[in-house]
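Worksheet: the structure to be examined is printed underneath.
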Amino acid sequence: MAVLNDEQVMLRDMAREWADNESPVAAFRKLRAAAPAEGFDRDAWGAIGQMGWAGVVIPEEFGGSAFGYLSLGLVVEQLGRNLSASPLSSTAVAASAIVMGSSDKAKTDWLAKLAGGEAIATLAVDEGPNHDRNFTTTKVGNGKLTGTKPFVAEGDSADVFVVAAEDGLYLVARGEGVTVSHRSMADERSHAHVAFQDAPAEKLGGPELTAAVLDRAAAITCAEMLGMAESAFAQTNDYLKQRVQFGQVLSTFQALQHRMAKQFTELQLMRSAVEGALEAIDAGRSDVDQAVSLAKATAGETLRLVSREMVQLHGGVGMTDEYDAGLYLKRATVLEVMWGNSAWHRDRFARLNGY
Amino acid sequence: MATAAAELDHPFRQEARTWLEANFDPSLRGKDNAMSAVDGPTEETPEQKKWREAMGEKGWGVPTWPKELGGGGLDRTQARILQEEMARIGAWNPIGGMGVMMFGPTLLEYGNDAQKQQHIPGIVRGEVRWCQGYSEPGAGSDLASLQTFAEDKGDHYLVNGQKTWTSGGQWADKCFALVRTDKSQKHAGISFLLIDMDAEGVETRPIRLISGQSPFCETFFTNVKVPKENLVGREGQGWEIGTRLLQHERNSLSGGGGSAGRMNAGTTVPEIAKKYRGTDAEGRIADADLRTRIIKHEMDQRAFALTLRRAALEAKGNAGPSAATSIMKNVGARITQDRAELNIEIMGMQGLGWEGEGFTEAELAQTRSWLWGKAVSIYGGSTEIQNNVIAKRILGMLDHQ
C-alpha cells in the first residue's frame, strides 16, 4: 500500500466499509438476477454520488474534491474487491477528459452534475474488438460526429459520451443522432454498441488529450483489477484453509502452499506497478505512458493468474455459478482486454523505450 | 513529497558533502573492489586502502550503527542523504562483507557489551572478515538437522564437526556458527558460537563450482577449543538468533535485480539484443518472440524496483527486516536468473565461451555470471524454503499434520 495521507486513509476505509456492507458480491448477484437495462443499481449509484466519489478527480470549483488519481484508485480498488457494479470509473475518467479539455462550455454544462453523480459519462473509443489507438474512422464535420463504437462500457446509461474521432476527443450528449443498443457480455455488466450519425459534438482536444485520457482510463481499470486480484486471492486462501481432502486441510499441502506463495509474490509487484502509475499521473510526470503500460501489462498477467487459480483451486465448485470464482474470472478477462491487453502494453512500453 | 524538499536543506547534507569531497579521491570513481560487498575488502590498491581507512575511521561504512562502537551514529534520513551525496560524486562504500550485512546487525541485537566492544569496531573499519558456519552436508534447507557438536568442557567448548558452503572461508578471520550443544532437542539444542578461523583444528577446503569459481569452502572442526565468552545469547538460543540473522541476510540479498544490473556494467538486455541480434526496419529488436520476452523481463525488473521502493517507504520507522523479505529474495533471484538466461540466448555460442581466444572479457564474464547465478535461488534459503515462509508466516497456511 502506498504511503497515504490522512484524507486518503479515510477515503479508502470509508469505501471499503461501504463496499463490504452495502455492495458485497451478493448485491451484484441480485442485480444480475434483476437485470435492469442500465446494468447497475440506482440506489447504490445515488449513494456513491452523495459520498462524492465521482468528483475525486474534478476540481473544487466544479463541485469535486480534486483528491487525485491515487485517491480515485483507492475507491475503485475497494469496489473491485466486491465486483460492485457502478458507472463510477467510466464517469470519472470521462470527466477527466472534460477537465483537461479546452471547452469551457462543456465544463460548465457537465462537471458539477458528474461530480455529484447526477449524470453518467463514459468513453467511446475503440472501433474493433481490441484496443487500437491508431484505428479511428469516426469523423466530425460542421460540429456533427459520425462513427460507430461497438463496445462502450456503461453505454446503456450514459448521459454523455467522450468520443474518439480522427482528430481528437469530442463530447456528445445522448439524444439527437445517438443510437444505443445493449450487448450482453460474459461479465454481465453494461456494454453497449453505440452508433453516432451526425450527432452534435463539441471538441475537447486533439490527439494528445486522447492519449492522456486513455492512460487515465487504463490506470483506473488497473485499480479495479488490483482490488479483484486481492479479493480473489484472499477467498482462495480462505477456502484452502477449510476444505478437507485425504483427511487433511488443503492448505497443509506444500504443492498448494507454493502456488499461493507465488501468487502472493506477484500481487506485490502488481500493487507497486498500479500505485506507481496512479502516482505518476498525480505527479504530472513525463513518463506516465510508460508507468501506465507497466501497470496494465502487469495487472493483466497477475489477475489472469489469480483468477484462473481461483477456479482451479476451488476444484469442481469453482466451476459452479453458485460460487464467486466464475464471476471474478469473467470480469477479469473483460478488464484484461479493455484499454489494451498485456501484449499491447508490452509492445507500447518497448516502443517508448526504443526497443 | 514535502520531506524531500526539506531534506535538500538538511544541515547534514553540507557536512557530508564537505567530508566526502575532502576524502574521496575522484580517481577511485568506478574502481570499487568488486568482491568487497561479499567478502569484505580484498586485494586493495593503496588508494583503495586509504579510502577504506578514512570511511572506517568516520564510521560511515555502517552509517546507522552506534557511534560508541565506531559506527556512524546517523539516523535514517542522514544515512539516505549520505548515500545520495556519495552517488552524486561516484563514491562507493569500501566497507562490506558478511560482518556488515549479517553478523554485525545480529550481534548488536543479541550480543553482550563485551562482545560488541570486541567485534563491532573491526567490522566497522573493514579490518576483520567474517564467514558463516551454518550449512552442513546433511543440513541444507533442513538447517536444524545440523550435527556439529560443541561439548561443554567447563571454561571452553570443544567443537567437532563439518560445515559446508562457507563463503570466503579461506580468507575469513572469524566464523559465526550454529552448533549443537544439546543432542536431545532439535531446535532448542542449537547455540550461536564465534570461532577463530586460525584456531588449531580448523581446516578449510575450497569447493569448485560449475562456474569454475571457488568462493565456498568445506570447513572442518577437529577438537577446536572455543572460549565460553564466545557464546552469543544463551545456550539453546542459537536457533532464534540464527533465524534473525537469516532475515538480515535475505534483506541484503533481496536487491537481486539491482546487483544483476551491475554484472552487465550498466548495459541493459535490450541494448545487448540490438547489438548481437540486430534490428528490424522500424528499429525494433529483430526477433519478435525474443523481444516480447525481453520486455516481460524489463517490466518485471521495473515492478520489482517499485516494490523495493514501496517497501522502504512503508517500513519507515518499523524495526528491521520482516517475513516479506522472502518475497523480495525470490523475485530478485528470478530476475537475476532470467537476465542471465536471456543474455545467453541473445549471444548464442558467443555467450558460452569458457576461456581464451575469440571471446571478449564481457562475454566470458557473462558465461560465469550465468552459471554463478544458479546459486541465487539456492543460497540464503532456497526459493522453495522462502515459499514455505510466505505460506506459513504471511498467509497463515498450516503445517502438514
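These numbers were taken from a predicted model, which means no experiment stands behind them. Each chain gets a letter, A, B and so on, in the order its sequence line appears, and its residues count up from 1.
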For [X], which atoms come within 4.5 Å of any heavy atom of chain B: side chain, backbone, both, or neither?
{"X": "Leu250(A)", "value": "neither"}
{"X": "Asn353(A)", "value": "side chain"}
{"X": "Gln263(A)", "value": "neither"}
{"X": "Ala2(A)", "value": "backbone"}

Answer yes or no: is there a donor N or O on one side and an acceptor on the other, between the side chain of [X] and the main chain of [Y], under 3.5 Å?
{"X": "Glu271(B)", "Y": "Tyr355(A)", "value": "no"}
{"X": "Asn387(B)", "Y": "Gln257(A)", "value": "no"}
{"X": "Arg310(B)", "Y": "Gln268(A)", "value": "yes"}

* Taking only residues two or more places apart in sequence, or in another chain, which ones meet Ala232(A) in a side chain to side chain contact (heavy atoms under 4.5 Å, CB included)? ->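 Partners of Ala232(A) by the side chain to side chain contact (heavy atoms under 4.5 Å, CB included) criterion, ordered by chain and then number, come out as Val306(A), Met310(A), Tyr328(A).
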* **Heavy-atom proximity to chain A below 4.5 Å, by part of Glu282(B)** =>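 Just the side chain, heavy atoms under 4.5 Å.
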[X] versus [Y]: any side-chain heavy-atom pair under 4.5 Å?
{"X": "Gln254(A)", "Y": "Asn388(B)", "result": "yes"}
{"X": "Arg346(A)", "Y": "Arg291(B)", "result": "no"}
{"X": "Thr383(B)", "Y": "His258(A)", "result": "no"}

* Answer yes or no: are there more than 12 heavy-atom neighbours, outside Trp165(B) itself, under 6.0 Å from its atom CH2? =>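 Counting other residues, nucleotides and ligands, CH2 of Trp165(B) stays at 12 neighbours or fewer.
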* Inspect the surroundings of CG in Asp6(A) and state if more than 12 heavy atoms from other residues, nucleotides or ligands are less than 6.0 Å away. =>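 Atom CG in Asp6(A) is not packed in, count stays at 12 or less.
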* Asked: Which is it for Met299(B) and Leu269(A) under the side chain to side chain contact (heavy atoms under 4.5 Å, CB included) test, yes or no, and what are the steps along the way?
  -> CA-CA 10 Å; Met299(B) 286 187 148; Leu269(A) 300 185; over 6 Å; no
